[in-house]
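In what follows, a structure is listed as structure tokens, so that the remarks can point back to it.
Here the structure is a predicted model, which is why all the values come from computation and not from measurement. Count residues from 1 along the sequence.
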Amino acid sequence: YTRGQAPGPTPLKRLQSREFGASAYLWNWAERLGLAEIVDRHVPPPPRRRRTQLSVGQYLVLAAVNRAVAPRSKRSFYEDWYKGSVVSRLCPAKESELTSQRFWDHMDPVEPEHIEQIQRDVLEGLSEHFPLGGETILYDTTNFFTFLDTFNARSELAQRGTNKQKRRDLRQLSLALFEDRDTGLPLYHQCYAGNRNDVTHFPFAREGFLTQWLGGLGREAGQLTLVFDRGSPSEKNLRELDGEAIHFVSGVPASWASDLLDVEPSRYEKLELPGTKHVKVYRERRKLLGGERSVLVVFSPTFYCKQRRTLNREQEKLEGRLQELGRKIQAWREGGRRGPGHTEASVERKLRRWSARDHLREFLEVELTTEDGKVTGLEWSWNLEKKREVQRRHLGKQILVTSRHDWDSVSVVQAYRRLTRTEDLFRISKSRPGVWWPLFHWTDSKIRVHALYCFLALVLLAILRLQLHRAGCSMSVDRAVRRLKDIDETLVIYTNGAADRALTELDETQLEIAHALGLFQLADQMGTTVLEQD
């Protein structure tokens, strides 16, 4: 500058922007829980020739945070996420240390017994930061389809089964999850074979959780109430719960107490549930499934309307199939009966399969005309009177069974409805990309470790959800993560060597989330300037 003039601003040399909001918040909670230290406490390091400056625990926590923020395969981990995230500053690593092979090297030492020990210590850590209720625990299961080759014999976990995403053509993995009702925090998980049904696996999951719950929190079995859906109960399972003095609330198939579906509406009691209108319940005690149970029939008009729409849609779908089949039979008959035609047995099989859902066969009336075992005519009609009876008897109703005779009906119904929160975590896991996806492992040992760091990711996301709820911020977890990911940290480097870090400007929604989560205080602790927000 010219002598006598004020100096101008120092020229900028470089700007560098990294994603801050979601990664910094979740990494901070991973450190507060000591997740890396917990893993390293139980898992030995890999052989010396495969080690890097990062520990096994750091690799798994990196994977967990990535799963919660922006899931990537190990091959694209560095370029597509780590390099552009503030985690690269919080946990420095070379690109060569974050390759697929380096991750696999540090996943290899993790054994099933280590996973159990890690979960126990994570449970203890959660109890130090949050008031875990410890009395009512939600239990639910789901499965995830995979693209493992049919002839890949290296995995016994990936098996064919009834897939909840309708991909029965693929091998699948199953996941059991226990969650604290009061906080919504995941407490324990098990990854198990995809061909094992929920009823069969329930005793194994219960035993595994009890070991952690009793040992990690020092509770007694008699304090526990398990809440699970209609896929898990059986007389054997409930008897075992009785023997361990564990209480339960469970949904059951309507056929287990079908006589209660005929109870007159006048005998139902109206329930006052927060945020719900006109829910009614009929309750009685009876011997059922090996013991004295309180049985509740819960009727919801909202659920009734939803099921009626589904019933009408399925009826329309079946109507279209019947019309198409009728045209084919007519074309075969009028075309001189050339070709194999339709046998009576094949048509009956189709009708049974098509009408299996939603009680359709109870009001569908079909008449077949046959000659020499071939169907020459197909006529059908819908009995509307029987349809109304089906709607009155079945729709809008759920049957719950509980050993908690001391709980009022509102407490029982509310406990069971909390299962939807666990289903929200499953939904986040199954989105693509999501916590579980993408999965590029094909051996059981790697799959179990994948399930472990996905579980840790769900723990971190549940903490975010809990903190938002406590601050009165009504926002879904996935939306909050999306908005947090748009909060960047910008590094400004000047030609004179000076540098500043600052958060980018936040919009109104981001400000709400930042205040709810204490993000500005966290940024200050990390040496990142928070500019004054308008």
Side-chain angles (χ1 to χ4, degrees), residues 130-140 179-185 223-230 232-233 246-254 256-286 288-289 292-311 391-425 427 462 465-477:
F130 302 97
L132 299 181
E135 293 184 356
T136 306
I137 305 297
L138 311 178
Y139 170 77
D140 205 356
E179 179 183 311
D180 179 64
R181 183 192 68 171
D182 295 341
T183 62
L185 296 174
Q223 296 175 279
L224 181 63
T225 300
L226 281 179
V227 183
F228 43 92
D229 67 12
R230 52 187 282 174
S232 298
I246 298 174
H247 292 291
F248 64 87
V249 174
S250 172
V252 298
W256 291 10
S258 58
D259 59 304
L260 295 182
L261 298 177
D262 297 318
V263 172
E264 292 297 323
S266 60
R267 300 177 64 186
Y268 280 69
E269 170 194 3
K270 185 177 179 180
L271 292 187
E272 297 295 335
L273 296 177
T276 307
K277 298 180 180 179
H278 309 306
V279 173
K280 297 182 178 180
V281 64
Y282 171 79
R283 179 172 182 166
E284 69 173 41
R285 287 180 65 162
R286 60 164 60 184
L288 185 67
L289 300 172
E292 185 80 10
R293 317 294 185 198
S294 289
V295 185
L296 293 77
V297 184
V298 183
F299 175 78
S300 166
T302 303
F303 189 38
Y304 174 89
C305 293
K306 180 180 179 180
Q307 286 193 314
R308 188 174 61 180
R309 289 196 298 270
T310 301
L311 176 65
Q391 294 178 153
R392 184 202 66 79
R393 190 168 191 263
H394 295 282
L395 302 194
K397 296 178 181 178
Q398 285 181 309
I399 296 184
L400 309 182
V401 174
T402 181
S403 59
R404 277 292 189 183
H405 307 301
D406 56 322
W407 282 12
D408 60 25
S409 298
V410 170
S411 300
V412 174
V413 175
Q414 283 185 318
Y416 188 75
R417 289 192 167 194
R418 283 295 183 94
L419 283 174
T420 57
R421 196 164 52 185
T422 309
E423 293 169 357
D424 285 342
L425 292 179
R427 178 183 54 79
R465 178 178 64 182
L466 178 61
Q467 300 294 72
L468 289 174
H469 176 73
R470 286 179 171 179
C473 181
S474 57
M475 185 179 298
S476 66
V477 176

#### Entry: Shortest non-hydrogen separation from Lys397 to Phe299 and the atoms involved
CG-CD1, 4.0 Å
### Query
Just how far is it from atom CZ of Arg465 to atom SG of Cys473, taken to the nearest 0.5 Å?
13.5 Å
### Query
Any ion pair linking Arg421 and Asp180 (charged N to carboxylate O, less than 4.0 Å)?
no
### Message
Between Val227 and Arg417, does the side chain to side chain contact (heavy atoms under 4.5 Å, CB included) criterion hold? Intermediate values first, please.
### Response
CA-CA 9 Å; Val227 183; Arg417 289 192 167 194; over 6 Å; no
### Task
To the nearest 0.5 angstrom, please state how far the CH2 atom of Trp256 sits from the CG atom of Leu289.
5.5 Å
### Task
For Phe228 and Leu419, work out which heavy atoms get closest and say how close.
C-CD1, 3.8 Å
### Which atom of Gly251 lies closest to which atom of Leu400, heavy atoms considered
CA-CD2, 3.9 Å
### Message
Keeping Arg293 on the side-chain end and Thr402 on the backbone end, is there a donor-acceptor pair under 3.5 Å?
### Response
no
### Minimum heavy-atom distance between Ala257 and Ile399, given as atom pair plus value
O-CD1, 3.8 Å
### Donor-acceptor pair, side chain of Ser250 and main chain of Pro233, under 3.5 angstrom
no
### Message
For a side chain to side chain contact (heavy atoms under 4.5 Å, CB included) check, start with the C-alpha distance between Val477 and Asp424, then their side-chain angles and the critical distance, and finish with the verdict.
### Response
CA-CA 9 Å; Val477 176; Asp424 285 342; over 6 Å; no
### Query
Does any non-hydrogen side-chain atom of Val297 lie less than 4.5 Å from one of Arg267?
no
### Task
Considering only NZ, NE, NH1 and NH2 on the basic side and carboxylate oxygens on the acidic side, decide whether Glu292 and Arg285 come within less than 4.0 Å.
yes
### Task
Start with the C-alpha gap between Leu395 and Leu311, add the side-chain angles, then the distance that decides, and say whether side chain to side chain contact (heavy atoms under 4.5 Å, CB included) holds.
CA-CA 9 Å; Leu395 302 194; Leu311 176 65; 4.2 Å; yes
### Query
Can you name the residues that form a side chain to side chain contact (heavy atoms under 4.5 Å, CB included) with Arg393, not counting sequence neighbours?
Ser258, Leu261, Asp262, Glu389
### Summary
Rounding to 0.5 Å, atoms OG1 (Thr136) and CH2 (Trp407) come to a distance of 3.5 Å
### Query
Does any non-hydrogen side-chain atom of Pro274 lie less than 4.5 Å from one of Gln414?
yes
### Task
Any chance you could lay out the side chain to side chain contact (heavy atoms under 4.5 Å, CB included) test for Leu224 and His247, step after step, and finish with the verdict?
CA-CA 6 Å; Leu224 181 63; His247 292 291; over 6 Å; no
### Tyr416 side chain near Leu138 side chain, heavy-atom distance below 4.5 Å
no
### Message
Within the structure provided, determine whether Val401 and Phe248 are in side-chain contact (heavy-atom separation under 4.5 Å).
### Response
yes
#### Entry: Close side-chain approach of Leu425 to Glu179, heavy-atom, < 4.5 Å
yes
### Query
Counting only N and O atoms by type, is there a donor-acceptor contact under 3.5 Å from the side chain of Arg181 to the main-chain atoms of Ile137?
no
### Query
Are the side chain of Thr422 and the backbone N or O of Arg418 linked by a donor-acceptor pair below 3.5 Å?
no
#### Entry: Any donor-acceptor N/O pair, Gln307 side chain to Gly396 backbone, under 3.5 Å
yes
### Query
For Phe130, what residues pass the ring pair (Phe, Tyr, Trp, His ring centres under 6.0 Å) criterion, not counting sequence neighbours?
Trp29
### Query
Quick one: OG on Ser474 to NE2 on His469, what's the gap to the nearest 0.5 Å?
10.5 Å
### Message
Which label fits Tyr282 and Tyr268: parallel for a plane angle under 30°, tilted from 30 to 60°, or perpendicular past 60°?
### Response
tilted
### Test item: Val412 and Ser409 side chains (from C-beta on) under 4.5 Å apart, heavy atoms
no
### Message
Nearest 0.5 angstrom please: Lys306 NZ to Ser300 OG, how far?
### Response
10.0 Å
### Task
Indicate yes or no for a side-chain donor-acceptor contact from Arg286 to the backbone of Ser294 under 3.5 Å, with no hydrogens or angles considered.
no
### Heavy-atom side-chain contact between Leu273 and Val410 under 4.5 Å
yes
### Query
Are Thr225 and Arg404 close enough that a side-chain donor and a side-chain acceptor fall under 3.5 Å?
yes
